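Note sheet for the following structure.
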Amino acid sequence: MTRVTRLAPSPTGSLHLGNARTFLATWAMARHGGWRVILRIDDIDTPRVKPGTIQGAMDDLRWLGIDWDGEPTIQTHRATDHAAAIAELIANQKVYPCICTRKEIELAASAPHAEDGGLVYPGTCRDRFASIALATAAAGRAPALRLPVPDQVFKFVDECAGERQFDLASEIGDFVIAKPDLSPAYQLACVVGDSAAGVTDVIRADDLLASVPRQVLIYDALGLADCVPRYTHVPLVVGEDGKRLAKRHGDSRIATYREIGVPPGRVRALLSRWLGIDCGDTITADEVKGRFDLRRVPREPIIFTAGDEAWLRSVN
Ligand code: GLU
């Protein structure tokens, strides 16, 4: 069976060296193994979608030599599938309505910050309302829908990050799968999109490790346990302060390097070194594909240094 993976950019900002490294890893691992690669635009966070970023992401990927099979899929075009999945979870009583505000959750949270930076929901509305209608009547507004997590430890083996475990009650907590307007949360949209596309392998940065238990629980709740993909989480690219690459670390957008005349082979060379590939000042996409070896991908966070930035720009 052909393995299938996906490039899943969020069009809420431009591709920078951090996202580009993840996409190069995904592409190289897949093409090295002869897998299918699809492009999925993760645009469900509609208010934050910035005009031009979808086209920009595609241009940046192509410039780096990263290709995909077939037409891109757009998450918001799957509204019918999202609604069907939400309706199924409601009908099978796999989710419950929650009327808590963010402030209430903050006040009640026993463990204020989960590993992924979110709050662990203390379960206030679990077993509280017999139906969505009763929750709506009690709050005077529509509720969100949460999937309850069992009180157990979830263990899995990540292809890159190794053996991992999460205590579901204290580290994950019941999580939102649909917002009050019944639009899907990222976790649900991701599972619906991946399962519909037959994705066998999810490759992304390790800031999303805590999404694994949530997504596996959704697969189970939808009766799709056989479709759970293999997970490969590569270390996050951070600035010299150890924080996730962002604007404060300078302008590391792929489009900027392209505009100032840095050749793509040079950007690929930096990204490739971050994937444990030995290379000189330039490397072709074919060479990245040929030399990619997951065993050589560093297991520690990748630090984008001022020296890297100066080296990248030194061709000008
Ligand atoms: N769209 C997400 C991001 O850009 C990736 C989600 C995923 O790979 O599951 O962070």
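Note that the structure is a prediction, hence the values are computed from the model and not measured. One is the number of the first residue; the rest follow in order along the sequence.
- The aromatic rings of F166 and F156 lie parallel to each other, with less than 30° between the two planes, well short of the 60° mark.
- Between T282 and E287, the closest side-chain pair of non-hydrogen atoms is not below 4.5 Å.
- Clustering ILVMFWY residues whenever any of their side-chain heavy atoms sit less than 4.5 angstrom apart, transitively, puts L7 in a cluster other than the one holding V49.
- Here the CD1 atom belonging to I302 is positioned 11.5 Å from the OG1 atom belonging to T305, to the nearest 0.5 angstrom.
- Residues L217 and P150 form a side-chain contact, since some pair of their non-hydrogen atoms from C-beta on lies under 4.5 Å apart.
- The shortest heavy-atom contact between A178 and V176 is O-CG1, 3.3 Å.
- Of all the heavy atoms in L147 and I218, the pair that sits closest is CD1-CG1, 4.4 Å.
- At least one side-chain heavy atom of Y219 sits under 4.5 Å from a side-chain heavy atom of D194.
- Residues that satisfy the side-chain hydrogen bond (donor to acceptor under 3.5 Å, both in side chains) test with D42, not counting sequence neighbours, are R40, Q75.
- For T53 (side chain) and P11 (main-chain N/O), a donor-acceptor pair under 3.5 Å exists by modelled atom type.
- Judged by distance alone, the side chain of R31 and the main-chain N or O of K289 form no donor-acceptor pair under 3.5 Å.
- In the hydrophobic cluster analysis, where Ile, Leu, Val, Met, Phe, Trp and Tyr join through side-chain heavy atoms closer than 4.5 angstrom, F304 is grouped apart from L236.
- Looking at heavy atoms from C-beta onward, V157 lies in side-chain contact with E163 at the 4.5 angstrom threshold.
- Here the CG atom belonging to L15 is positioned 10.0 Å from the CZ atom belonging to R258, to the nearest 0.5 angstrom.
- Checked by atom type, the side-chain pair S252/E309 shows no donor-acceptor distance below 3.5 Å.
- Under a 3.5 Å cut-off, the side chain of R141 and the backbone N or O of I99 do form a donor-acceptor pair.
- If you take CH2 on W27 and CG on L64, they are separated by 10.0 Å, rounding to the nearest 0.5 Å.
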Could you please spell out the steps behind the side chain to side chain contact (heavy atoms under 4.5 Å, CB included) verdict for I303 and E240? CA-CA 6 Å; I303 302 170; E240 284 177 308; 4.0 Å; yes
Between L61 and L39, is the side chain to side chain contact (heavy atoms under 4.5 Å, CB included) condition met? List the steps. CA-CA 10 Å; L61 290 170; L39 175 65; 4.0 Å; yes
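- V297 approaches C160 most closely through the heavy-atom pair CG1-SG, 4.3 Å.
- Proximity of a side-chain donor or acceptor of R3 to a complementary backbone N or O of M1 within less than 3.5 Å is not detected.
- Residue-environment remark: CZ (R296) stays at or below the threshold of 12 foreign heavy atoms within 6.0 Å.
- The main-chain N or O of Y96 is never found under 3.5 Å from a side-chain atom of R126 such that the two would form a donor-acceptor pair.
- In the hydrophobic clustering of ILVMFWY residues, with side-chain heavy atoms under 4.5 Å counting as a link, V315 and L312 come out together.
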Please test K94 against I177 for side chain to side chain contact (heavy atoms under 4.5 Å, CB included), starting from the C-alpha separation and ending with a verdict. CA-CA 11 Å; K94 300 284 188 188; I177 59 106; over 6 Å; no
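- Between the D45 side chain and the R48 main chain, no donor and acceptor come within less than 3.5 Å of each other.
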Just do the side chain to side chain contact (heavy atoms under 4.5 Å, CB included) check on F154 and R164 with the steps written out, would you? CA-CA 8 Å; F154 177 93; R164 293 290 168 136; over 6 Å; no
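- Side-chain contact between R204 and T26 is absent, with no heavy atoms from C-beta onward closer than 4.5 Å.
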So D241 and R248, salt bridge (charged side-chain N to carboxylate O under 4.0 Å, His left out) or not? Walk me through it. CA-CA 10 Å; D241 56 0; R248 66 175 170 279; 3.5 Å; yes
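- One hydrophobic cluster, built from ILVMFWY side chains closer than 4.5 Å, holds both L270 and L275.
- Proximity of a side-chain donor or acceptor of D43 to a complementary backbone N or O of T76 within less than 3.5 Å is detected.
- Checking R266 against S314 by side-chain atom types alone, a donor-acceptor pair falls below 3.5 Å.
- With 3.5 Å as the limit, one finds no donor-acceptor pair spanning the side chains of T22 and N19.
- One distance of note links CG of L208 with CD of Q215; it measures 7.5 Å at 0.5 Å rounding.
- Side-chain atoms of T136 never come within 3.5 Å of backbone atoms of L134 as a donor-acceptor pair (strictly under, hydrogens ignored).
- Residue pairs meeting the salt bridge (Lys or Arg N to Asp or Glu O under 4.0 Å) criterion with at least one member in residues 225-237, sequence neighbours excluded: D201-R230.
- L17 places none of its side-chain heavy atoms less than 4.5 Å from the side chain of D308.
- In terms of heavy-atom proximity, E88 sits nearest to L222 at OE2-O, 3.5 Å.
- A search for side-chain hydrogen bond (donor to acceptor under 3.5 Å, both in side chains) contacts involving R21 returns nothing, not counting sequence neighbours.
- Closest approach of I44 and P184 over heavy atoms only: CD1-O, 3.7 Å.
- The hydrophobic clustering, which links ILVMFWY residues whose side-chain heavy atoms are closer than 4.5 Å, places V192 and L224 together.
- Side chain of K50 to backbone of T12: a donor-acceptor contact under 3.5 angstrom is found.
- For the pair I38 and W68, the tightest heavy-atom approach, listed with the atom from each and the gap, is C-CB, 4.3 Å.
- Between atom OG of residue S14 and atom CZ of residue R253 there is a gap of 5.0 Å, rounded to the nearest 0.5 Å.
- Side-chain contact between V37 and D67 is absent, with no heavy-atom pair separated by less than 4.5 Å.
- A distance of 10.0 Å separates OH in Y186 from CZ in R214, rounded to the nearest 0.5 Å.
- Side-chain contact between D206 and P235 is present, with heavy atoms from C-beta onward closer than 4.5 Å.
- At distances below 3.5 Å, at least one donor-acceptor pair connects side-chain atoms of D158 with backbone N or O atoms of H233.
- The closest side-chain donor-acceptor pair between S183 and D181 falls under 3.5 angstrom.
- Taking the centre and axis of the six-membered ring of W311, the NZ or CZ atom of R273 falls inside the cone set by 45° and 6.0 Å.
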